[in-house]
Student: 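Supplied in structure tokens, the structure appears directly below.
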Amino acid sequence: MDPENKPKGPSPHYSLYQREMFKRGGETGILPSFSVHPEELQESTKKKLNDRGYFYANSNAGVGWTDRANREAFYRWRIVPRTCVDTNVRDLTTTVFGHKIPVPIMFAPIGINKLYSPLGELIPARVAGEIGMPYCLSTAASQPIEEVAKANDEGASERNESNSVHQYDGPNGGNAKSPRFFQLYMGHDDEITLSLLNRAWKSGFDVLMLTTDTWQLGWRPTDINIANYTFYYPGTPGNELGESDPVFMAKHKEDLKREKGKWIDSAVWHGKAHTWDKIRWLVGQWKKISGGRPFVIKGIQCATDAKTALEHGCDGIVVTNHAGRQVDGAVGSLEVLPEIVEAVGDKMTIIFDSGIRTGADVFKAIALGAHVVMVGRLYVWGMSHEGVHGCRHVIKSLLADLDILMTVAGYPSITKDVHGNNDALRYSPSGVPPGPGEHAKL
């Protein structure tokens, strides 16, 4: 890993992060304070979080078979390495919704980040800005929209080779310095919904992502065991986004004093599903507020729903099963990606989510036709260890992993050589994925 005389390409040499860690250990004896091996990283969060924090991050629907299906689907697809290819520079850049970004990876919307670190969503928002990756804020956040936007811009203000890749010249309501999207859990009070959309737009969130698979939380026994619903406990986070909304507070300030769960029960996970007719209304409202910026549906798991989303004016979809947290015994998200790509891949932006843990996972999802992927639990596990430093370490490790994989596998460009390249993968229906702990470890 010669750091000298490296040719300058479209992307930074993220791979050098591995050398940095090796060299620090060799010269100073300083080792990483926690493992970024996904299994070890998840396991070590038990020592960093209380039970409620740990299980909220890691609980799945039912007995966890959908979560397992997500990971097994990645095992079935195998990368076909190429040799004697010039990969001295790699191009990991891509464009999503008009934003040129340094890597095809986004920060997924995850709620209640204060369960993992006191600063909550300010941590991943800042790290996303530092790197130039899109950050998506959840309606269930534990920080106000405006404060998250500020943290994202502060990270982006520290210019470097990675976030300098970001380019965007379209409309933005808050002059954002870094790409950021807003994920909506839509309640049944349109005035509150429109208030949230206007706040997001004015704070520089220029893509709206509606989650449609979580009108209420799925059946999660490991959370039920400890009554793990932070919104009902006194003095715990979870209402910050609602408490900072003027319309919600004008209507429900007194209700919130009597019932701490008023925000989450009425505006977020209310248990009352919307239908496609309401989606069409929401698309129109967002387009009016944002001057036509993209609208995305999150929760697509079949080609039929992908086509319906397109017919209702959606610009993109997130192929996701909510990381296996909503429907137990469901298909793995990667299993259905090819049929969805075939149906709408040339007509709308496809974001993949559920089960991404490694650079190889990113590669496989892109090769199967996703334009970008989202990571969620990885960054939560990182921030659970060392706040912003832990979050940054996990994300930089993922980027190094992807960059090195493309180098040694012989694929220079994520868009030209990987995206939609069926020859880059081979499907194998046989074999059993390694079980927990079946890897070299201390």
Student: Between Thr66 (side chain) and Gly329 (backbone), is there a donor-acceptor pair under 3.5 Å?
Tutor: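 A pair under 3.5 Å: yes.
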Student: Considering only NZ, NE, NH1 and NH2 on the basic side and carboxylate oxygens on the acidic side, decide whether Asp169 and Lys100 come within less than 4.0 Å.
Tutor: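 Salt bridge between Asp169 and Lys100, a charged N being under 4.0 Å from a carboxylate O: no.
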Student: If you draw the axis of the six-membered ring of Tyr135, does the NZ or CZ of Arg180 fall within 45° of it and under 6.0 Å from the ring centre?
Tutor: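 No.
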Student: Ignoring hydrogens, what is the shortest heavy-atom contact between Tyr411 and Asp423? Give both atom names and the distance.
Tutor: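 Minimum heavy-atom separation between Tyr411 and Asp423: OH-O, 4.4 Å.
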Student: Determine whether Arg68 and Glu72 satisfy the following criterion, salt bridge (charged side-chain N to carboxylate O under 4.0 Å, His left out), listing intermediate values before the conclusion.
Tutor: CA-CA 6 Å; Arg68 180 169 177 173; Glu72 288 184 347; 2.8 Å; yes
Student: List the steps, then state whether side chain to side chain donor-acceptor pair (under 3.5 Å) holds for Ser11 with Thr93.
Tutor: CA-CA 7 Å; Ser11 298; Thr93 66; 5.1 Å; no
Student: Ring-plane angle category for His99 and His166, please: parallel below 30°, perpendicular beyond 60°, tilted otherwise.
Tutor: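 Aromatic pair His99/His166 classed parallel.
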Student: Measuring from atom CG of Leu334 to atom CZ of Phe352, what distance do you get when rounded to the nearest 0.5 angstrom?
Tutor: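 The CG atom of Leu334 sits 4.5 Å away from the CZ atom of Phe352.
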Student: Please check if the distance between the ring centroids of Tyr17 and His393 is under 6.0 Å.
Tutor: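 Centroid distance Tyr17-His393: below 6.0 Å, so yes.
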Student: Less than 4.0 Å between a side-chain N and a carboxylate O, is that true for Asp315 and Lys287?
Tutor: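 A salt bridge links Lys287 with Asp315.
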Student: Could you check whether any side-chain heavy atom of Phe205 comes within less than 4.5 Å of a side-chain heavy atom of Leu137, counting everything from C-beta outward?
Tutor: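 With C-beta onward as the side chain, the pair touches.
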Student: Taking Glu311 first and then Lys307, would you say they form a salt bridge - that is, a charged N and a carboxylate O separated by under 4.0 Å?
Tutor: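 Judged by the 4.0 Å cut-off on N to carboxylate O distance, Glu311 and Lys307 do not form a salt bridge.
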Student: Excluding sequence neighbours, so at least two apart, what forms side-chain hydrogen bond (donor to acceptor under 3.5 Å, both in side chains) with Ser44?
Tutor: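 Listed in chain order: His385.
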Student: Measure from NZ or CZ of Arg293 to the centre of the six-membered ring of Phe182, then state whether that distance is under 6.0 Å and the direction lies within 45° of the axis.
Tutor: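 Output no; distance or angle outside limits.
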Student: Fit a plane to each ring of Phe231 and Trp269, take the angle between them on a 0 to 90° scale, and name the class: parallel (under 30°), tilted (30 to 60°) or perpendicular (over 60°).
Tutor: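 Correct class here is perpendicular.
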Student: With no hydrogens and no angle check, do the side chains of Asn60 and Asp328 hold a donor and an acceptor under 3.5 Å apart?
Tutor: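 Not at all, the side chains of Asn60 and Asp328 share no donor-acceptor pair under 3.5 Å.
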Student: Donor-acceptor pair, Asp403 side chain versus Ser15 backbone, under 3.5 Å?
Tutor: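 Confirmed, Asp403 side chain pairs with Ser15 backbone.
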Student: Dump the intermediate steps for side chain to side chain donor-acceptor pair (under 3.5 Å) on Ser333 and Asn321, then the final yes or no.
Tutor: CA-CA 6 Å; Ser333 200; Asn321 54 35; 4.7 Å; no
Student: Do you see a donor-acceptor pair shorter than 3.5 Å between the side chains of Asn160 and Glu130?
Tutor: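 No, no side-chain donor-acceptor pair sits under 3.5 Å.
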Student: Is the His322 ring parallel, tilted or perpendicular to the Tyr185 ring (thresholds 30°, 60°)?
Tutor: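 Tilted: the ring planes of His322 and Tyr185 meet at 30° to 60°.
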Student: Check this for me: does any side-chain nitrogen of one of Lys23 and Glu20 sit under 4.0 Å from a carboxylate oxygen of the other?
Tutor: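 Salt bridge flag = no for Glu20 with Lys23.
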Student: Can we say Glu240 and Lys114 salt-bridge, meaning some charged N sits less than 4.0 Å from an Asp/Glu carboxylate O?
Tutor: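 Result for this pair is yes, salt bridge flagged.
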Student: Would Ser384 and Tyr54 count as a side chain to side chain donor-acceptor pair (under 3.5 Å) if you check the C-alpha gap in whole Å, the side-chain angles of each, and the deciding distance to 0.1 Å?
Tutor: CA-CA 9 Å; Ser384 297; Tyr54 175 78; over 6 Å; no
Student: State, without any angle test, whether Lys177 and Ser157 hold a side-chain donor-acceptor pair at a distance under 3.5 Å.
Tutor: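 The answer is yes; a qualifying pair exists.
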Student: Please round to the nearest 0.5 Å and tell me the distance separating atom NE2 of His389 and atom CE of Met383.
Tutor: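 Going from the NE2 atom of His389 to the CE atom of Met383 covers 12.5 Å.
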Student: For the residue pair His270 and His274, categorise the inter-ring angle as parallel (less than 30°), tilted (30 to 60°) or perpendicular (more than 60°).
Tutor: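 Perpendicular, since the angle between the ring planes exceeds 60°.
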Student: Please output the side-chain donor-acceptor pairs of residues 356-374 that fall under 3.5 Å, not counting sequence neighbours, one pair per line with the distance.
Tutor:
| unit_1 | atom_1 | unit_2 | atom_2 | d |
| --- | --- | --- | --- | --- |
| Thr358 | OG1 | Ala360 | N | 3.3 |
| Thr358 | OG1 | Asp361 | N | 3.1 |
| Thr358 | OG1 | Asp361 | OD1 | 3.4 |
| Thr358 | OG1 | Asp361 | OD2 | 3.3 |
| Asp361 | OD2 | Arg71 | NH1 | 3.0 |
| Asp361 | OD2 | Arg357 | N | 2.8 |
| Asp361 | OD2 | Thr358 | N | 3.1 |
| Lys364 | NZ | Phe74 | O | 2.9 |
| Lys364 | NZ | Trp77 | O | 2.8 |
| His371 | ND1 | Ile350 | N | 2.9 |

